[in-house]
Participant: 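Input: one structure, supplied below.
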Protein chains: 2
Amino acid sequence: MSTMKSPSAIACCPPVTEAALDDETAHRLAAVFAVLGDPVRLRLFSLVASQPGGSCACDLVEPLGRSQPTVSHHLKVLFDSGLVDRERRGRWIWYSARPEALATAAELINC
Amino acid sequence: MSTMKSPSAIACCPPVTEAALDDETAHRLAAVFAVLGDPVRLRLFSLVASQPGGSCACDLVEPLGRSQPTVSHHLKVLFDSGLVDRERRGRWIWYSARPEALATAAELINC
DNA sequence: CCTCTATATTGGCAAGTATCGATATATTGA
DNA sequence: TCAATATATCGATACTTGCCAATATAGAGG
C-alpha cells in the first residue's frame with residue numbers, strides 16, 4: 001500500500017489501483033463489465049444511449065444486423081443489469097439508458 | 001449529436017451517450033470489458049494494480065483461491081489485452097498494471 | 001548436468017452464451 | 001372478436017470459456 005497520498009495529485013476517485021477488490025465487489029463490477037463485454041450488446045447499448053428520448057425496440061433490430069429474438073435477448077440482459085430502462089408506449093416498447101448504472105463501472109475506472 | 005461543445009464543461013472524453021459506436025469500435029471496447037468481465041480475473045487485476053511495484057505471480061495464486069494454471073491463464077489474458085505488463089526477474093515473473101489500457105474503457109464510461 | 005522451483009502450456013470437461021427459427025403473448029384497430 | 005403487428009419466450013445448436021490435473025519449459029544454484 002502507498003505510504004502517503006501525494007496532495008499534488010489530481011483529486012480523483014480511487015481507481016482500481018488504490019486497493020484490491022474484495023470478492024463481492026469484484027463480482028458486482030464484473031457483472032457490469034460482462035454485460036458490456038459483448039460487441040453486439042455494447043453497440044446496442046450505445047444505440048439506445050445515444051438517443052436522448054430513448055429508442056423503440058423496433059428501430060434496433062435492423063442496425064444491429066441480428067434477428068429480432070437476438071436483439072430482444074440482449075435488451076433483456078441490459079435491462080436485467082440495470083443499464084437500460086424499459087417503458088411500454090402503446091404497441092411499442094421504449095428503451096432508454098440509465099447512465100447511473102455506468103457509475104458502478106466507473107468506480108473502478110474513473111479518475 | 002450535440003451542436004456545440006460547451007467550453008465551460010469539464011474537458012472530458014465523449015461517453016457512450018454521445019454517439020452510437022461503429023462496429024469496429026464496439027469490438028475493440030467490448031474486448032476490454034470482456035477481459036474485466038470475469039470476477040476472478042477482475043480481482044486478479046486489482047491485486048496486481050494495487051501494488052505500485054507490481055506483483056510476483058507467485059503471490060497471486062493463493063489469494064485468488066484458484067489453481068496455478070488457472071491464475072497463469074488469467075494473467076495471460078490480461079497480458080494479451082494490454083492490461084498488465086510482464087517482466088522476468090530471475091526465477092520470478094513480475095506483473096504490473098498498465099493503467100493506460102483502462103483509458104480505452106474510460107473512453108466509453110468516463111465523464 | 002542435475003535438481004529444484006516458478007511459470008506456462010496442453011488436454012479435456014462442464015457450464016455458459018450468442019444465435020436463430022418457431023411460437024407465444026400482448027396491444028391496437030377494425 | 002379477429003387480424004395485424006410488436007415483442008418476448010422456447011428449443012436447439014454451435015461456440016466460447018473457466019477450471020483443473022498433468023506435463024512441459026526455463027532459470028538458479030549446486
Side-chain angles (χ1 to χ4, degrees), chain A residues 21 23 26-48 51 53-96, chain B residues 21 23 26-48 51 53-96:
Chain A
L21 302 172
D23 217 64
H27 271 84
R28 196 168 45 82
L29 290 180
V32 179
F33 287 126
V35 169
L36 299 175
D38 179 81
V40 173
R41 195 157 52 220
L42 179 59
R43 193 139 163 283
L44 174 57
F45 177 68
S46 82
L47 281 167
V48 172
Q51 293 294 334
S55 307
C56 173
C58 60
D59 290 330
L60 297 168
V61 172
E62 188 243 308
L64 278 182
R66 291 296 188 284
S67 70
Q68 178 268 322
T70 296
V71 174
S72 181
H73 161 70
H74 284 309
L75 284 169
K76 178 177 166 54
V77 174
L78 287 170
F79 178 74
D80 289 346
S81 72
L83 280 164
V84 301
D85 220 343
R86 184 157 60 181
E87 183 201 353
R88 182 176 275 279
R89 293 192 198 167
R91 205 183 324 203
W92 299 276
I93 298 191
W94 288 77
Y95 284 87
S96 52
Chain B
L21 302 172
D23 217 63
H27 269 84
R28 195 169 47 84
L29 290 180
V32 178
F33 287 126
V35 169
L36 298 174
D38 178 81
V40 173
R41 197 157 51 220
L42 180 59
R43 195 141 161 281
L44 174 57
F45 177 68
S46 82
L47 281 168
V48 172
Q51 294 293 334
S55 306
C56 174
C58 60
D59 290 331
L60 297 168
V61 172
E62 187 242 307
L64 279 182
R66 291 296 187 285
S67 70
Q68 178 269 321
T70 295
V71 174
S72 181
H73 161 70
H74 285 309
L75 284 170
K76 179 177 166 54
V77 173
L78 287 171
F79 177 75
D80 289 345
S81 71
L83 281 163
V84 301
D85 220 342
R86 184 156 61 180
E87 183 201 353
R88 182 175 275 279
R89 293 191 197 167
R91 204 183 326 201
W92 299 276
I93 297 191
W94 288 77
Y95 284 87
S96 51

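Chain letters run A, B, ... following the sequence lines, proteins first and then strands; every chain starts at 1. Just so it is clear, the structure is predicted and the values come from calculations on it, not from any experiment.
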Participant: Taking atom C1' of D/dG18 as reference, at what distance in whole Å does atom CG of B/Leu44 sit?
Facilitator: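 Result: 13 Å.
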Participant: Mapping B/Trp94 and A/Arg66 onto DNA chain C by nearest heavy atom, which one lands closer to the 5' end?
Facilitator: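 First, find each residue's nearest nucleotide; the 5'-ward one identifies B/Trp94.
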Participant: Please report the shortest heavy-atom distance between A/Leu44 and A/Val71, naming the atom on each side.
Facilitator: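 It is CD2-O, 4.1 Å.
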Participant: Within the distance-only criterion (no hydrogens, no angle test), does the side chain of B/Arg88 pair as donor or acceptor with the backbone N or O of B/Gly90 below 3.5 angstrom?
Facilitator: yes
Participant: So, A/Ser46 side chain and B/Leu21 main chain: donor-acceptor pair closer than 3.5 Å or not?
Facilitator: yes
Participant: Side-chain N or O of A/Tyr95 versus OP1/OP2 of D/dA6: is the shortest distance under 4.0 Å?
Facilitator: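 Negative; the distance criterion is not met.
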Participant: So if I take every side-chain heavy atom of B/Trp92 and compare against C/dT7, C/dA18, D/dA8, which nucleotide ends up nearest?
Facilitator: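 Of the options given, the side chain of B/Trp92 lies nearest C/dT7.
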Participant: Report the distance from atom CD of A/Glu87 to atom C1' of D/dT7, rounded to the nearest whole Å.
Facilitator: 15 Å
Participant: Which part of the nucleic acid does B/Arg89 contact within heavy-atom distance under 4.0 Å: base, sugar-phosphate only, or nothing?
Facilitator: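 Touches nothing.
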Participant: Choose from D/dG18, D/dA8, C/dT19 the nucleotide whose nearest atom is closest to any side-chain atom of B/His74.
Facilitator: D/dG18
Participant: Looking at A/Glu87, I'd like to know if its CD atom is crowded, meaning that more than 12 non-hydrogen atoms belonging to other residues, nucleotides or ligands lie closer than 6.0 Å.
Facilitator: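 Counting other residues, nucleotides and ligands, CD of A/Glu87 exceeds 12 neighbours.
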Participant: Measuring from B/Leu78:CG to B/Asp85:CG, what's the distance to the nearest 0.5 Å?
Facilitator: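 Those atoms lie 12.0 Å apart.
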Participant: Between D/dT9, C/dT9, D/dA6, which nucleotide gets closest to the side-chain atoms of B/Pro69?
Facilitator: C/dT9
Participant: Closest to the B/Ser72 side chain: C/dT19, C/dT9, D/dC19?
Facilitator: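 Side chain of B/Ser72 sits closest to C/dT9.
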Participant: When you get a sec, tell me which of D/dT7, C/dT9, C/dT7 is the closest nucleotide to the side chain of B/Cys56?
Facilitator: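 It is C/dT7.
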Participant: A/Ala57 has a side chain; which of C/dA8, C/dT5, D/dT7 sits nearest to it?
Facilitator: D/dT7
Participant: On the nucleotide D/dT7, are OP1 or OP2 found under 4.0 Å from the side-chain N or O atoms that A/Arg86 carries?
Facilitator: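 No.
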Participant: So does B/Ser67 get a side-chain nitrogen or oxygen closer than 4.0 Å to the phosphate oxygens (OP1/OP2) of D/dC20?
Facilitator: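 So the side chain of B/Ser67 is within the cut-off, an N or O lying under 4.0 Å from OP1 or OP2 of D/dC20.
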Participant: Mind calculating the distance between CG (A/Leu60) and P (D/dA8) to the nearest angstrom?
Facilitator: 10 Å
Participant: Please tell me which of the listed nucleotides, C/dA26, C/dT7, C/dT28, lies nearest to the side chain of B/Ile93?
Facilitator: C/dT7
Participant: Between the base of D/dA8 and the side chain of A/Gln68, is one N or O donor paired with an acceptor at under 3.5 angstrom?
Facilitator: yes
Participant: Identify whether any heavy atom of A/Phe79 sits under 4.0 Å from a base atom; if not, whether one sits that close to sugar-phosphate; answer base, sugar-phosphate or nothing.
Facilitator: nothing
Participant: Does a side-chain N or O from A/Thr70 land closer than 4.0 Å to OP1 or OP2 of C/dA18, or not?
Facilitator: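 Checking A/Thr70 against C/dA18: no side-chain N or O falls below 4.0 Å of OP1 or OP2.
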Participant: Of all the choices, C/dC20, C/dT5, D/dT7, which nucleotide is nearest to the side chain of B/Arg91 once you look at every atom?
Facilitator: C/dT5
Participant: Do A/Leu47 and A/Leu64 have side-chain heavy atoms sitting under 4.5 Å apart?
Facilitator: yes
Participant: Provide, to the nearest angstrom, the distance between the CG atom belonging to B/Leu78 and the C1' atom belonging to C/dT7.
Facilitator: 16 Å
Participant: What heavy-atom pair brings B/Pro39 and A/Ala26 nearest, and what distance separates the two atoms?
Facilitator: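 That closest heavy-atom pairing would be O-CB, 3.8 Å.
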Participant: What integer distance in Å separates B/His73:NE2 from D/dT16:C1'?
Facilitator: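 After rounding, the gap between these two atoms is 11 Å.
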Participant: Which comes earlier along DNA chain C counting from the 5' end, the contact point of B/Lys76 or that of A/Arg88, where each point is its nearest nucleotide?
Facilitator: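 Its nearest nucleotide being more 5', the pick is B/Lys76.
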Participant: How long is the line joining CG of B/Leu64 and P of D/dC19, in whole Å?
Facilitator: 9 Å
Participant: Go through residues 28-41 of chain B and report each residue with a non-hydrogen atom lying under 4.0 Å from DNA chain D, sorted by number.
Facilitator: B/Asp38, B/Val40, B/Arg41
Participant: Give the minimum heavy-atom separation between A/Phe45 and A/Leu36, together with the two atoms involved.
Facilitator: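 Looking at all heavy atoms of both residues, the shortest contact is CD2-CD2, 4.2 Å.
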